[in-house]
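We're numbering straight along the sequence, starting at 1.
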Amino acid sequence: MRQVVKLGVVLPAVMLLASGCVATRGWVTEMVGKKEVEIDQRVAAVDKKAAEENQRVDQKVDGVDTRLKTTEGTLTETTATAKGARERADTAYTKADETNSRLTRLWANRNNRKEAETYQILFGFDKWDVGDAGQTALSTLVKEMRENPKLTVDLQGYADPVGTYGYNVALSQRRVESVRRYLVEKGIELPRINLIGLGPIAEKGTPNKDKRRVTVKMMVNSDD
């Protein structure tokens, strides 16, 4: 571009030099020199602006590339996190299905069981902790249940009629919970234990000390 501009200025000047006097020629020579300098300066300024613009464009492109790489890294991390969460959820669903299946089998067989043996665990007045005598009886039960995984146990909690009905129902529930906790601590699985608190025993022919109890019934499938 610089050569074209110079040509447009120099060509008319040459024509003047060819047809004019010596003074005119000197003046034209001086003017051409000035114009060349001016043109060079303008062209240099244009080139500088073009270079600066190219640099800004390159910087913007580099910035876009950096953001794209950062976004790709974030998407990769997010995908990995989502995959891990999905795998954990699938594992949880599988365990839940297994538990539901086991409970369904136990519930379906609830009427196909017969009583094999019964224990009475007695408690003190307003007490629900399993005492030494109760632990001795339950240790025998635990041994049999460990040897025969098909055995289950039914726990029925009772209280004497002293006090309010609501309090005695809660007391009977605490007693069966205490027995269940003891069995679980000894390694008996929760699904093999059924329990209910039945509240106070009102019949007069039984001493109150015998009413404060948990009846433990060892059950076995009738098909065994």
Side-chain angles (χ1 to χ4, degrees), residues 85-224:
R86 183 170 61 252
E87 291 175 351
R88 290 192 296 272
D90 291 342
T91 301
Y93 286 142
T94 300
K95 290 182 178 179
D97 289 340
E98 292 175 353
T99 301
N100 288 335
S101 298
R102 184 168 60 253
L103 292 176
T104 299
R105 289 194 302 270
L106 290 172
W107 179 252
N109 294 328
R110 70 190 186 282
N111 296 323
N112 297 329
R113 302 182 305 151
K114 63 181 180 180
E115 185 176 330
E117 197 168 354
T118 301
Y119 301 87
Q120 302 293 346
I121 309 299
L122 300 179
F123 295 83
F125 178 75
D126 201 26
K127 302 293 183 182
W128 56 88
D129 293 332
V130 179
D132 293 338
Q135 292 183 22
T136 300
L138 291 174
S139 63
T140 302
L141 172 68
V142 169
K143 181 176 181 297
E144 294 186 26
M145 294 188 72
R146 285 177 176 173
E147 293 175 352
N148 188 353
K150 294 184 179 180
L151 291 174
T152 59
V153 64
D154 290 352
L155 308 178
Q156 299 172 350
Y158 299 96
D160 62 39
V162 178
T164 65
Y165 179 81
Y167 179 83
N168 285 322
V169 170
L171 180 59
S172 69
Q173 184 67 29
R174 286 195 291 270
R175 285 170 176 165
V176 292
E177 290 285 356
S178 182
V179 174
R180 179 174 67 172
R181 184 167 56 252
Y182 178 87
L183 295 177
V184 171
E185 289 174 352
K186 297 301 180 181
I188 305 302
E189 299 86 350
L190 272 175
R192 300 174 65 189
I193 305 172
N194 306 298
L195 73 163
I196 185 172
L198 296 174
I201 297 175
E203 64 184 50
K204 297 181 180 180
T206 303
N208 282 350
K209 65 182 183 64
D210 295 332
K211 296 177 181 179
R212 301 188 288 264
R213 70 175 190 261
V214 170
T215 299
V216 181
K217 295 182 179 181
M218 186 183 299
M219 310 296 291
V220 62
N221 290 338
S222 58
D223 295 336
D224 293 343

- Task: For Ile188 and Ile193, run side-chain contact (heavy atoms from CB on, under 4.5 Å): C-alpha distance rounded to whole Å, both residues' side-chain angles, the deciding distance at 0.1 Å, then the answer.
- Result: CA-CA 8 Å; Ile188 305 302; Ile193 305 172; 4.0 Å; yes
- Message: Going by side-chain hydrogen bond (donor to acceptor under 3.5 Å, both in side chains), name the pairs with one or both residues in residues 169-188, residues two or more places apart or in two chains.
- Response: Gln173-Glu177, Glu177-Arg180
- What distance do Leu151 atom CG and Arg192 atom CZ have between them, rounded to the nearest 0.5 Å? 6.5 Å
- Please step through side-chain contact (heavy atoms from CB on, under 4.5 Å) for the pair Leu122 and Arg212, ending with a clear verdict. CA-CA 6 Å; Leu122 300 179; Arg212 301 188 288 264; over 6 Å; no
- Over-ring placement of Arg213 relative to Tyr158, 6.0 Å and 45° cut-offs: yes
- Gap separating the CE atom of Met218 from the CD atom of Glu144, nearest 0.5 angstrom: 4.0 Å
- Task: Answer yes if the side chains of Asp126 and Tyr167 hold a donor-acceptor pair under 3.5 Å, and no otherwise.
- Result: yes
- Indicate yes or no: at least one non-hydrogen side-chain atom of Glu117 is less than 4.5 angstrom from one of Lys217. no
- Distance (rounded to the nearest 0.5 Å) between Ile196 CD1 and Thr215 OG1: 12.0 Å
- Task: Report the distance from atom CG of Asn168 to atom CG of Leu198, rounding to the nearest 0.5 Å.
- Result: 12.5 Å
- Query: With side chains defined as the heavy atoms from C-beta onward, is the minimum distance between Thr118 and Val216 less than 4.5 Å?
  - Reply: no
- Message: Using side-chain heavy atoms (C-beta onward) and a distance below 4.5 Å, is Val179 in contact with Phe123?
- Response: yes
- Lys211 (side chain) donor-acceptor with Ile201 (main chain) under 3.5 angstrom: yes
- Message: Distance check, rounded to the nearest 0.5 Å: Thr206 atom OG1 versus Asp160 atom CG?
- Response: 11.5 Å
- Task: With the side chain counted from C-beta on, respond yes when Asn208 and Asp210 share a heavy-atom pair under 4.5 Å apart, and no when they do not.
- Result: no
- Message: So Val176 and Trp128, do their side chains get closer than 4.5 Å, heavy atoms only?
- Response: no
- Query: Roughly how far, to the nearest 0.5 Å, is the CG atom of Leu183 from the CE atom of Met145?
  - Reply: 7.0 Å
- Considering only heavy atoms from C-beta outward, does the side chain of Leu138 approach that of Ile121 to under 4.5 Å? yes
- Task: Write down the atom of Pro200, the atom of Pro161, and the distance for their closest heavy-atom approach.
- Result: CB-CA, 3.9 Å
- Item | Side-chain heavy atoms of Asn194 within contact of Val153, under 4.5 Å | no
